[in-house]
Amino acid sequence: MSVAPAPLYPLDGRVQHYAWGSRESLPGFLGRTPDGRPWAEWWLGAHPTAPSTVGSVPATTLDVLVGQDPAVMLGEDSRDRFGPRLPFLLKVLAVAEPLSLQVHPSVDQARDGYWRERPADAPAPGEPLYADEWAKPEMVLALTRFDAFAGLRPPAGVLARLDALGGELLADLARPLRHTPTTAAVAELVTALLGLSPQARRQAVEEVAAGIETLARAEAPEAAELSVSAHLARRYPDDPAVVVSVLMNHVVLEPGEAMAVPAGLLHCYTSGLAVEIQGTSDNTLRAGLTPKQVDVDEVLRVIDVTAQPQLVWPSEPASGLETFHPGVPDFALDRLCLAHATEFRLSGGVPAIVLAMDGTLRLHADGVTTVLRRGEAVFVPAATGPVVVEGLGEAVRARPGTAEGDQQVDGAA
């Protein structure tokens with residue numbers, strides 16, 4: 001059943017109860033009562049797996065709404081670049097336990113993988129190797145301290161870390177890198193680690209755990225950041241991805257700081273609360289640290305050992321307005337901080353989701369006013385005119401990036 005277009009559509013997101021989620025943080029943000037389950041992610045978007053419910057249109061979800069009239073909902077530019085689909089998914093992440101060690105393909109790799117079949121000895125043989133033809137760039141904006149492993153350390157840093165840990169097997173594995181300290185040798189080391197025999201895997205993880213314990217007793221500077229890997233060693237005693245984790249950069253984001261995850265970057269979020277915006281894709285390749293399906297061969301094909309985490313510094317088109325753009329066309333994220341007598345005029349012409357982070361905000365668009373409080377959100381179709389936001393509080397707006405990769409500049413009304 002088609003519906004008459006509206007300028008603003010209230011959205012109810014979908015909670016994902018993954019095992020690594022927090023039991024308190026996300027319910028607290030949403031103002032809901034904890035139910036004992038882990039609340040890992042809250043999705044706002046049109047992803048077909050868990051599309052948001054459109055509150056003003058009973059029994060309708062955002063993917064259905066977009067599909068009924070892509071021209072009105074998405075606009076010509078977004079539809080031409082990304083097809084009849086919302087190109088981004090907005091989330092709130094509540095990480096209490098480390099996620100899987102993973103990597104995402106580039107758009108060319110995703111297209112190639114989608115048209116390749118799974119081998120006969122793999123799960124779901126004959127099915128496409130990848131879930132879809134899209135890349136899955138990501139960016140996280142920290143709401144609390146947010147910790148992650150992201151990217152492999154340079155050759156000298158990998159050797160220093162292995163030397164600090166000690167262990168006979170680790171020393172043997174490090175010999176080629178010590179002889180030729182290059183990024184290619186780091187890639188060979190990662191390949192060797194992920195391909196260890198079951199017995200050697202357990203020995204390598206035991207050596208890592210013992211080395212971290214020794215560093216902790218000596219109060220070594222690196223002991224604190226290695227504590228997560230020590231926890232992983234206890235949880236996954238046969239998983240060589242534990243060893244890979246100690247060779248990675250430990251990234252700490254403070255509230256208000258953002259990090260982009262480009263294609264090919266090995267990463268693992270370990271703790272904290274954050275807003276995440278990503279491309280609408282399911283193409284996640286896991287190297288380990290998970291009970292889910294692991295695809296080491298494909299991880300090794302896609303990984304870029306030179307890729308590093310990218311801190312995203314916002315531009316400030318106006319006082320109280322920050323725009324985070326990681327340089328991909330799929331999305332940009334605007335952060336609005338409104339004080340008394342402050343209002344912003346957000347330009348239209350693009351599909352957008354506005355999520356209230358704190359306070360009480362009033363959105364005015366095409367003669368319609370909607371009030372948002374923390375955890376509440378609306379979808380703004382591309383056909384909607386400028387949106388004026390006023391009140392006292394904070395909000396984020398998710399939208400496509402421009403074709404050139406620049407921010408869409410908005411200003412104070």
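Note: hydrogens, waters and symmetry copies are ignored here, and every other heavy atom, side chains too, is used.
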Just by distance, do the side chain of Arg161 and the backbone of Val246 share a donor-acceptor pair under 3.5 Å? yes
Hey, are the side chains of Leu101 and Met248 touching, using non-hydrogen atoms and a 4.5 Å cut-off? yes
Return yes if some donor-acceptor pair links the side-chain N/O of Thr53 with the main-chain N/O of Gly55 below 3.5 Å, else return no. no
Do Asp132 and Arg85 sit within salt-bridge range, that is, some charged N less than 4.0 Å from a carboxylate O? no
Distance-minimising heavy-atom pair for Ser245 and Phe149: CB-CE1, 3.8 Å
All heavy atoms of Ala260 vs all of Pro326, minimum pair found to be CB-CB, 3.6 Å
Taking Glu168's backbone N and O only, do any of them form a donor-acceptor pair with Glu207's side chain (distance below 3.5 Å, no angle check)? yes
Please determine whether side-chain contact (heavy atoms from CB on, under 4.5 Å) holds for the pair Val396 and Leu336, giving the CA-CA distance in whole Å, both sets of side-chain angles, and the decisive distance to 0.1 Å. CA-CA 6 Å; Val396 293; Leu336 291 70; over 6 Å; no
Find out whether Tyr236 and Val205 are in side-chain contact, i.e. whether some heavy atom of one side chain is under 4.5 Å from a heavy atom of the other. no
Applying side-chain contact (heavy atoms from CB on, under 4.5 Å) between Trp42 and each of Val275, Leu93, Val92, report the one that passes. Val92
State, to 0.1 Å, how close Cys268 and Pro98 come at their nearest heavy-atom pair, and which atoms those are. SG-CB, 4.1 Å
I'd like to know if the side chain of Gln68 reaches the main chain of Asp63, judged simply by a donor and an acceptor atom lying under 3.5 Å from each other, with no hydrogens or angles considered. no
Rounded to the nearest 0.5 Å, what separation is found between the CG atom of Leu215 and the CG atom of Leu165? 6.0 Å
Salt bridge or not between Asp163 and Arg178? Use side-chain N to carboxylate O under 4.0 Å. yes
Considering only heavy atoms from C-beta outward, does the side chain of His104 approach that of His267 to under 4.5 Å? yes
May I ask you to decide whether Arg399 forms a salt bridge with Asp77, counting only side-chain N to carboxylate O separations under 4.0 Å? no
Starting from the C-alpha separation in whole Å, work towards a yes-or-no answer on side chain to side chain donor-acceptor pair (under 3.5 Å) for Thr49 and His47. CA-CA 6 Å; Thr49 299; His47 193 292; 3.3 Å; yes
Do Glu298 and Tyr130 pair up side chain to side chain, a donor and an acceptor below 3.5 Å, judged on atom types alone? yes
Strictly distance-based, threshold 3.5 Å: is any side-chain N or O of Arg14 a donor or acceptor partner for the main-chain N or O of Pro51? yes
Residue that, paired with Ile303, satisfies side-chain contact (heavy atoms from CB on, under 4.5 Å) out of Leu265, Leu285, Leu194, Leu152: Leu152
Show the numbers, then the answer: is there a salt bridge (charged side-chain N to carboxylate O under 4.0 Å, His left out) between Arg32 and Asp12? CA-CA 13 Å; Arg32 302 181 185 180; Asp12 188 11; 3.3 Å; yes
Side-chain contact, heavy-atom cut-off 4.5 Å: Leu253 with Val140? yes
For the residue pair Leu74 and Phe82, establish whether any side-chain heavy-atom pair is separated by less than 4.5 Å. no
Please report the shortest heavy-atom distance between Ala148 and Met259, naming the atom on each side. CB-CE, 4.3 Å
Assess the residue pair Phe324 and Ile277 against the criterion (side-chain contact (heavy atoms from CB on, under 4.5 Å)); give the C-alpha distance rounded to whole Å, side-chain angles, the decisive distance to 0.1 Å, and a yes or no. CA-CA 10 Å; Phe324 296 84; Ile277 185 169; over 6 Å; no
Keeping Ser106 on the side-chain end and Ala263 on the backbone end, is there a donor-acceptor pair under 3.5 Å? no
How about Val380 and Leu8: do any of their side-chain heavy atoms sit closer than 4.5 Å? yes
Please give me the minimum heavy-atom distance between Ala110 and Trp134, naming the atom from each residue. CB-O, 3.4 Å
Tightest non-hydrogen contact, residues Leu44 and Ala377, listed as CD1-CB, 3.8 Å
Close side-chain approach of Pro237 and Glu206, heavy atoms under 4.5 Å: no
Quick test of your reading of the model: are Glu138 and Lys91 salt-bridged, counting only N-O distances below 4.0 Å? no
Please determine whether side-chain contact (heavy atoms from CB on, under 4.5 Å) holds for the pair Leu173 and Leu196, giving the CA-CA distance in whole Å, both sets of side-chain angles, and the decisive distance to 0.1 Å. CA-CA 10 Å; Leu173 291 168; Leu196 288 173; 4.3 Å; yes
Given 3.5 Å as the limit, does a donor-acceptor pair link the side chain of Asn283 with the main chain of Glu133, or not? no
Is a side-chain N or O of Asp330 found less than 3.5 angstrom from the main chain of Phe88, in a donor-acceptor match? no
So do Thr60 and Tyr9 actually touch side chain to side chain, heavy atoms under 4.5 Å? no
Could you walk me through whether Glu97 and His231 satisfy the side-chain contact (heavy atoms from CB on, under 4.5 Å) test, starting with their C-alpha distance in whole Å, then the side-chain angles of each, then the deciding distance to 0.1 Å, before giving a yes or no? CA-CA 10 Å; Glu97 293 284 340; His231 168 71; 2.8 Å; yes
Spacing of CG belonging to Leu30 relative to CD belonging to Glu376, to within rounding of 0.5 Å: 10.0 Å
Rounded distance (nearest 0.5 Å) linking atom CD1 of Ile353 with atom CG of Leu333: 11.0 Å
Taking Leu273's backbone N and O only, do any of them form a donor-acceptor pair with Thr144's side chain (distance below 3.5 Å, no angle check)? yes
dist Leu189:CG -> Thr183:OG1 (nearest 0.5 Å) comes out at 12.5 Å
Do Gln203 and Gln199 get their side chains close enough for a donor-acceptor pair, meaning under 3.5 Å? no
From the options Pro329, Pro87, Pro70, select the one residue that forms a side-chain contact (heavy atoms from CB on, under 4.5 Å) with Ser78. Pro87
Distance-only, no hydrogens or angles: does the Thr323 side chain make a donor-acceptor pair with backbone N or O of Asp334 under 3.5 Å? no
